[in-house]
Amino acid sequence: MGQRRFHPLAMLHVHAVPVVLVLLLSSPSPTSQFSLGTTFGSWFNGAAPPPSAPSPDLTQSQSGGGGQEYTALQALKAAISDDPRGALSSWQGPNVCAYKGVYCSSPPPGAAAAGAVVAGIDLNHASLKGTLPAAISLLAHLTFIHLNSNRLAGAVPDTLGDLQYLTELDLSNNLFSGPFPASTLLIPSLVYLDLRFNGFSGELPDEVFAKNLDAVFLNNNQFEGEIPETLWSSPATVITLANNRLTGPVPTAYSYGGAGGRLREVLFLNNKLTGCVPEALGFLPCIQVLDLSNNLLSGHLPSTLSCLSGIEVLNIAHNQLTGELPELVCDLRRITNLSVSFNFFSGISQGCDRLAGRSMFDFAGNCVPGRGMQRPQPECDGAPGDAGLSCLRIPGTRPVACAEAAVSFGVGATFGGALPFGISGGGGAGVTVTVP
């Protein structure tokens, strides 16, 4: 498989960002084959070796679909108008398992095929120019398609929805365009969807976050409109929406029946999001990286962020947030990178003051009196408002008693002790909580 390649990000003003975030927003690399329970680290810790070479009895496709596989691969070759690296030079003759970048294996369990079948295509970093033909669906036993870092253009074919065994689809770093490819949501076994660095536009469909995906990479496109409220119903471990044209608020509906229960990384940076930082973000139990930077968010930070006990990277820089930076945020034990720079914070608590001067804490470009590298006073005098009643907060200044809300993630949800937002447990019934 291809090696990782890194590209600079325009408009990304993040200081001391860990490698994991850079990898997310860099030119993507091929994924490794994985089980459904794979954690987020699998997407960033380096490309796995390519699938092992076929065993001797799999060197020739013998399935009943062998003719269709030859037809499909030749159609793909014919749709390529420029192959500067000769990636498809070996695509000749009926033995499709000998083609470079084509991987064969035994048929999936229950498949009506005998002998070897084409199980995967890996043409990463081949610089192929052309389109993706509809005949790709004739490769009925595909489990992965890796086509990142090419020059493929046009629309994604509707026939992708026919690939019932496909688990990984990587079309990143190409020239695909048009609306969100709805056909990808019809692939029944898909768990990894990577559409980064293309020209897709229009609104995101609700279904993308309702589908049983483990990783959703949509950054660096031209998606617009509001983020669907279904965001927090996604079972994914990683969701990247950065560097698009998304507007409106960060979704606030949080279903304790399974919303965000596995989410470890979510990136909203470089959009046009408005409104508050919702309190619901404080109840993402596994979150490790949360980046809301370079948006138009306003108001005060919610106290619920103190519940993010496992968070390592929190970036809210380049927004319009106001008030005093609360000590609760600076006391997060596992934080390794906290950036609140270029907002309108008027003060920092004693706990945050202890972090001042450390490389992991960046609060430049605010309105803290007596501190260096702050905004000029005229800018601070013209600070944006507090977002009014749209940013309702829990009364009082005491830390949120996160442990008092015993939440079990599953089909339903049971609560014990004092619940957030004055909700009553109702005898252990399933509850969906919507918070501001």
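Just so you know, these numbers use all the heavy atoms, side chains as well, and skip hydrogens, waters and symmetry mates.
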If you measure from [atom1] on [X] to [atom2] on [Y], what distance do you get to the nearest 0.5 Å?
{"X": "Leu204", "Y": "Leu246", "atom1": "CG", "atom2": "CG", "value": "5.5 Å"}
{"X": "Gln374", "Y": "Ser346", "atom1": "CD", "atom2": "OG", "value": "10.5 Å"}
{"X": "Lys100", "Y": "Ser89", "atom1": "NZ", "atom2": "OG", "value": "6.5 Å"}
{"X": "Leu128", "Y": "Leu152", "atom1": "CG", "atom2": "CG", "value": "6.5 Å"}
{"X": "Phe345", "Y": "Cys380", "atom1": "CZ", "atom2": "SG", "value": "12.5 Å"}
{"X": "Asp206", "Y": "Lys211", "atom1": "CG", "atom2": "NZ", "value": "15.0 Å"}

Does any non-hydrogen side-chain atom of [Y] lie less than 4.5 Å from one of [X]?
{"X": "Leu281", "Y": "Pro302", "result": "no"}
{"X": "Ile227", "Y": "Leu273", "result": "yes"}
{"X": "Ser234", "Y": "Ile239", "result": "yes"}
{"X": "Glu203", "Y": "Glu226", "result": "no"}
{"X": "Asn124", "Y": "Ser149", "result": "no"}
{"X": "Ser293", "Y": "Ile316", "result": "no"}
{"X": "Trp91", "Y": "Tyr99", "result": "yes"}
{"X": "Ile335", "Y": "Ile311", "result": "yes"}

Check against side-chain contact (heavy atoms from CB on, under 4.5 Å), Trp232 and Thr252: CA-CA 8 Å; Trp232 303 125; Thr252 59; 6.0 Å; no
Ignoring hydrogens and angles, tell me if any N or O in the side chain of [X] forms a donor-acceptor pair with the backbone of [Y] under 3.5 Å.
{"X": "Ser90", "Y": "Ala87", "value": "no"}
{"X": "Asn198", "Y": "Leu171", "value": "yes"}
{"X": "Ser201", "Y": "Gln222", "value": "no"}
{"X": "Asp162", "Y": "Leu160", "value": "no"}
{"X": "Asp122", "Y": "Ile145", "value": "no"}
{"X": "Thr167", "Y": "Thr143", "value": "yes"}
{"X": "Asn366", "Y": "Asn343", "value": "yes"}
{"X": "Asp194", "Y": "Arg196", "value": "yes"}
{"X": "Ser189", "Y": "Leu166", "value": "no"}
{"X": "Asn271", "Y": "Thr247", "value": "no"}

side-chain contact (heavy atoms from CB on, under 4.5 Å) evaluation trace for Asn295 with Thr274: CA-CA 7 Å; Asn295 281 288; Thr274 56; over 6 Å; no
When you compare the side chains of Asn148 and Asp170, does any donor N or O come within less than 3.5 Å of an acceptor on the partner?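 Per modelled atom types, Asn148 and Asp170 side chains form a pair under 3.5 Å.
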Can you find a side-chain donor-acceptor pair between Asn243 and Asn270 that sits under 3.5 Å?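 Distance-only check passes for Asn243 and Asn270.
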I'd like to know whether Ser309 forms a side-chain contact (heavy atoms from CB on, under 4.5 Å) with Arg334, so could you lay out the CA-CA distance, the side-chain angles of the two residues, the decisive distance to 0.1 Å, and finally the verdict. CA-CA 7 Å; Ser309 58; Arg334 298 187 61 183; over 6 Å; no
Which pair of heavy atoms, one from [X] and one from [Y], lies closest together, and at what distance?
{"X": "Ala119", "Y": "Ser105", "answer": "CB-OG, 3.3 Å"}
{"X": "Cys276", "Y": "Leu297", "answer": "O-CD2, 4.0 Å"}
{"X": "Ile136", "Y": "Pro157", "answer": "CG2-CG, 4.3 Å"}
{"X": "Leu338", "Y": "Cys330", "answer": "CD2-SG, 4.1 Å"}
{"X": "Val368", "Y": "Ile348", "answer": "CG2-CG2, 4.2 Å"}
{"X": "Ala140", "Y": "Leu163", "answer": "CA-CD2, 4.4 Å"}

What is the ring orientation for [X] with [Y], classed by angle as parallel under 30°, tilted 30 to 60°, or perpendicular over 60°?
{"X": "Phe180", "Y": "Phe223", "result": "tilted"}
{"X": "Phe363", "Y": "Phe361", "result": "parallel"}
{"X": "Phe144", "Y": "Tyr103", "result": "tilted"}

Pairwise salt bridge (charged side-chain N to carboxylate O under 4.0 Å, His left out) hits with a residue in residues 369-383, at least two apart: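 As it turns out, the salt bridge (charged side-chain N to carboxylate O under 4.0 Å, His left out) pairs with a partner in residues 369-383, which skip direct neighbours, are Asp353-Arg371, Arg375-Glu379.
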With sequence neighbours left out, what residues match Tyr165 under side chain to side chain donor-acceptor pair (under 3.5 Å)?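 Tyr165 satisfies side chain to side chain donor-acceptor pair (under 3.5 Å) with no residue once adjacent residues are dropped.
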With a 6.0 Å cut-off on the ring centroids, do Tyr192 and Phe217 count as close?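 Yes, the ring of Tyr192 comes within the 6.0 Å limit of the ring of Phe217, centre to centre.
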How far apart are the C-alpha atoms of Met360 and Thr336, what are their side-chain angles, what is the distance that settles it, and do they pass the side-chain contact (heavy atoms from CB on, under 4.5 Å) test? CA-CA 6 Å; Met360 54 83 69; Thr336 60; 5.6 Å; no
Residues, nucleotides or ligands: over 12 heavy atoms within 6.0 Å of Lys77 NZ: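 Count over threshold, so yes.
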Residue Asp158 excluded, over 12 heavy atoms near CG under 6.0 Å: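 No, not enclosed.
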